[in-house]
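Every chain is numbered from 1, with letters handed out A, B, ... down the list of sequences.
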There are 2 protein chains.
Amino acid sequence: MSKLQRILSHAEQQCQINGSRLTDKRKKVLSGLLQSDRALSAYELVDYCNETYDENFAAMSVYRILEFLEQEQLVHKLNLANRYVACGHITCDHQHEVPQFLICTDCQSVKEFSISRSTLGSIKRQVEQANFHLVSEQIELNCLCKSCAAA
Amino acid sequence: MSKLQRILSHAEQQCQINGSRLTDKRKKVLSGLLQSDRALSAYELVDYCNETYDENFAAMSVYRILEFLEQEQLVHKLNLANRYVACGHITCDHQHEVPQFLICTDCQSVKEFSISRSTLGSIKRQVEQANFHLVSEQIELNCLCKSCAAA
DNA sequence: CTCTGTTATGTTACATCACAACATAATCAA
DNA sequence: TTGATTATGTTGTGATGTAACATAACAGAG
């Protein structure tokens, strides 16, 4: 059983537990993200699925499927790049911290990482001092990955 | 001389120093942002200018003008919201720190603020440990402002 | 002042993005 | 089997962002 297969079936089980279904189409979209080493836009996923599976995904469907996968915490939406990535921890069973993301502005590769609690805490404190309130701890940072920085 | 006037003429001087020109149209776009208490999209600015000045700005022009104003550091583009704000420090003469932004996801009001050097430093360190390199210290955070949080 | 290169703006056309609204199909539960 | 719920198909549209080319305004050299 390939790694991809394992992740997919794990995701399927998670959905069952949540009373939702990981349908064929949803699996295909998720696979697309899992097999990509970078963040993909909705329309890139449309193309990917149509080419790879010889299907006919409409953009609308992909948007809906992405929304679903997000709810199930199987993918993350990167607001800074308007792109999507598979969650890096699908096969983990524990509850995760809210992730932060490093996005390479050149090649769109993404690293899901965690800022230390204390740093996050001081960010939150400073935000509150400014009379705002953090909506989400999902912080996204524009970066260059190592190889793009070298070039 | 109104506050707006002062800011505009100061901006104009800055442009002259940089060997660029703050034309009439560019002034109008900048005024739009200066007078707004929230971040505006390019098309909102198109409408604003056309209504306020009875002109006929094309979207294309506004995009170009915004690009110019950004280069001159008179406005900032908020990638997270696809919107623009006037720089909060146009009239300051000293070099600024790179700003961070708190964006109210409800009303689009924006606060330009600065994370402490030490917090910023620890973010940068953690990013480097992850083998990425921060492209910009302009960090944008999705927030709720005080009044929207209350509602 | 005129010529010329540069910069700014006008205009048209188009590609992309995101989703609303409604129709049909598949699935589940009783 | 039937009715309710969920998933997908289909059509259309508003918003976004920009390329490509045309014209106009301006600044400096002669």
Side-chain angles (χ1 to χ4, degrees), chain A residues 8 11-12 14-33 39-51 53-72 74-85 105 108, chain B residues 11-12 14-33 38-51 53-72 74-85 105 108:
Chain A
L8 286 176
E12 195 162 21
Q14 282 309 117
C15 286
Q16 271 176 17
I17 292 171
N18 298 343
S20 66
R21 279 174 291 168
L22 191 64
T23 63
D24 193 48
K25 298 229 158 189
R26 288 169 176 173
K27 261 188 214 171
K28 285 172 177 167
V29 171
L30 180 55
S31 296
L33 286 175
L40 298 178
S41 74
Y43 277 79
E44 282 173 337
L45 274 166
V46 170
D47 292 343
Y48 172 85
C49 289
N50 288 338
E51 285 163 21
Y53 305 109
D54 193 34
E55 288 226 30
N56 197 3
F57 281 79
M60 189 70 254
S61 297
V62 171
Y63 277 105
R64 281 190 290 225
I65 288 172
L66 286 169
E67 191 183 8
F68 169 84
L69 294 172
E70 231 188 316
Q71 274 172 10
E72 298 294 324
L74 298 170
V75 315
H76 300 292
K77 175 173 188 180
L78 304 178
N79 294 303
L80 207 52
N82 271 327
R83 274 154 209 276
Y84 299 83
V85 284
T105 52
Q108 311 287 345
Chain B
E12 195 160 22
Q14 283 308 118
C15 285
Q16 271 175 18
I17 292 170
N18 299 343
S20 66
R21 278 173 293 168
L22 191 64
T23 63
D24 195 47
K25 298 229 155 190
R26 288 168 174 173
K27 261 187 213 169
K28 285 173 177 167
V29 171
L30 180 55
S31 296
L33 286 175
R38 60 191 190 84
L40 298 178
S41 74
Y43 277 79
E44 281 172 340
L45 274 166
V46 170
D47 292 343
Y48 172 85
C49 288
N50 288 338
E51 285 163 20
Y53 304 108
D54 193 33
E55 288 226 31
N56 197 2
F57 281 78
M60 186 73 253
S61 298
V62 171
Y63 278 106
R64 281 190 289 226
I65 289 171
L66 286 170
E67 191 183 7
F68 168 84
L69 294 173
E70 231 188 314
Q71 274 172 10
E72 299 294 324
L74 297 170
V75 314
H76 299 292
K77 175 173 187 180
L78 304 177
N79 294 303
L80 209 50
N82 272 328
R83 274 154 208 278
Y84 299 82
V85 287
T105 52
Q108 311 287 346

How many whole angstroms separate atom [atom1] of [X] from atom [atom2] of [N]?
X     : N      : atom1 : atom2 : answer
B/N79 : C/dC17 : CG    : P     : 16 Å
A/R83 : C/dT16 : CZ    : C1'   : 12 Å
B/D47 : D/dT16 : CG    : C1'   : 13 Å
B/N56 : C/dT11 : CG    : C1'   : 11 Å
B/E67 : C/dT9  : CD    : P     : 12 Å
B/K25 : D/dC26 : NZ    : P     : 13 Å
B/L45 : D/dG17 : CG    : C1'   : 15 Å
B/Y84 : D/dG17 : OH    : P     : 6 Å

Do B/I65 and B/F57 touch side chain to side chain, with heavy atoms closer than 4.5 Å? yes
Near B/E67 CD, under 6.0 Å, is it more than 12 heavy atoms from other residues, nucleotides or ligands? no
Where the side chain of A/N82 is concerned, which of D/dA7, C/dA18, C/dT12 is the nearest nucleotide? C/dA18
If you only use heavy atoms from C-beta on, which nucleotide in C/dT9, C/dT27, C/dA8 is closest to the side chain of B/R21? C/dA8
Does the base of D/dG17 carry an N or O that pairs as donor and acceptor with the side chain of B/Y43 under 3.5 Å?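 It does, because a donor-acceptor pair links the side chain of B/Y43 to the base of D/dG17 below 3.5 Å.
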Is it the case that the base of D/dG17 and the side chain of B/R64 share a donor-acceptor contact (distance under 3.5 Å, atom types as modelled)?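 Donor-acceptor pair under 3.5 Å: no.
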Taking only side-chain nitrogens and oxygens of [X], does any of them come within less than 4.0 Å of OP1 or OP2 of [N]?
X     : N      : result
A/T23 : D/dT6  : no
A/S61 : D/dT8  : no
B/Y63 : D/dG17 : yes

Heavy-atom closest pair, residues B/V29 and B/L45: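 Shortest heavy-atom contact: O-CD2, 3.9 Å.
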Non-hydrogen atoms of B/Q108 and B/R38 that approach each other most closely: O-CB, 3.2 Å
Which distance, rounded to the nearest 0.5 Å, do you find between the CZ of B/R26 and the CG of B/L66? 11.0 Å
